[in-house]
Participant: 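Just dropping this structure here.
Predicted, not measured: the structure shown is a model, and the values here were computed from it. The basis for the numbers below is simple: all heavy atoms, side chains too, and nothing from hydrogens, waters or symmetry mates.
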Amino acid sequence: MNTNELVVTLLATVLTAVISYCGNVLVKNNRALTIVRAIEPLAKDAVIAAQKLGVTEYMTGMAKKSHAVQAVAKALSDAGFTVNDEQVIKNAVEKAYAQQRDLLKQYPQKKED
């Protein structure tokens, strides 16, 4: 094998590896972007559902937050996504609560017995 053929073979191998790596990175980023886009509406719905639960039974704020986080995690899991960092879901739930604070006031919460 002469030097030119060796260089071409080496470059082709390196280029194939780089393209494969970039493809994997793009797939992971696309998947992450999909999760980020899906988590916001899921968190909003979960916060409202947790608030509505508080109408019929007494729930602390932490219990409602926990319920909403679990609902979002389950919805993502059911859709085939895994979120290894639960803090991402907690942040989305807290943001959804803050954005909908006025809307949530329409659901009178049951008082502790």
Participant: Who passes salt bridge (Lys or Arg N to Asp or Glu O under 4.0 Å) against K105, sequence neighbours left out?
Facilitator: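 Residues passing salt bridge (Lys or Arg N to Asp or Glu O under 4.0 Å) with K105: D102.
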
Participant: I'd like to know if K90 and E86 make a salt bridge, using a cut-off of under 4.0 Å between side-chain N and carboxylate O.
Facilitator: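 Salt bridge flag = yes for E86 with K90.
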
Participant: Rounded to the nearest 0.5 Å, what separation is found between the CG atom of L103 and the CZ atom of R101?
Facilitator: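 Interatomic distance, L103 CG to R101 CZ, rounded to 0.5 Å: 12.5 Å.
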
Participant: Rounded to the nearest 0.5 Å, what's the gap from NZ on K95 to CD1 on I39? Could you check?
Facilitator: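 Spacing of NZ (K95) from CD1 (I39) equals 10.5 Å.
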
Participant: How many angstroms lie between OG1 in T82 and CG in L76, if you round to the nearest 0.5 Å?
Facilitator: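 The CG atom of L76 is 9.5 Å from OG1 of T82, to the nearest 0.5 Å.
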
Participant: Same cluster or not: are I48 and V55 linked, directly or through other Ile, Leu, Val, Met, Phe, Trp or Tyr residues, by side-chain heavy atoms under 4.5 angstrom apart?
Facilitator: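 As far as the 4.5 Å side-chain criterion goes, V55 and I48 are connected within one cluster.
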
Participant: I need the S77 OG to Q70 CD distance, nearest 0.5 Å.
Facilitator: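 Answer for the OG-CD pair, S77 versus Q70, is 12.5 Å.
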
Participant: Between Q100 and A96, is there a donor-acceptor pair closer than 3.5 Å when you use the side chain of the first and the backbone of the second?
Facilitator: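 Yes, Q100 side chain to A96 backbone: donor-acceptor pair under 3.5 Å.
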
Participant: Rounded at 0.5 Å granularity, tell me how far CG in L42 sits from NZ in K74.
Facilitator: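 If we round to the nearest 0.5 Å, L42:CG and K74:NZ are 12.0 Å apart.
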
Participant: Does CD belonging to Q99 count more than 12 external heavy atoms closer than 6.0 Å?
Facilitator: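 It does: Q99 CD has more than 12 such atoms within range.
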
Participant: Find out if a path of hydrophobic residues (ILVMFWY) with successive side-chain heavy-atom gaps under 4.5 Å connects Y107 to Y97.
Facilitator: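 Y107 clusters together with Y97.
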
Participant: Using the rule given for side-chain contact (heavy atoms from CB on, under 4.5 Å), can you reason through K110 versus T56, listing the C-alpha separation, both sets of side-chain angles and the distance that settles it, and then say yes or no?
Facilitator: CA-CA 6 Å; K110 184 171 183 175; T56 57; over 6 Å; no

Participant: What's the spacing between I89 CD1 and K65 NZ if we round to 0.5 Å?
Facilitator: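 Spacing of CD1 (I89) from NZ (K65) equals 12.0 Å.
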
Participant: Do the side-chain N and O atoms of K52 and Q109 include a donor-acceptor pair separated by under 3.5 angstrom?
Facilitator: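 No pair is found: no donor N or O on one side chain lies under 3.5 Å from an acceptor on the other.
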
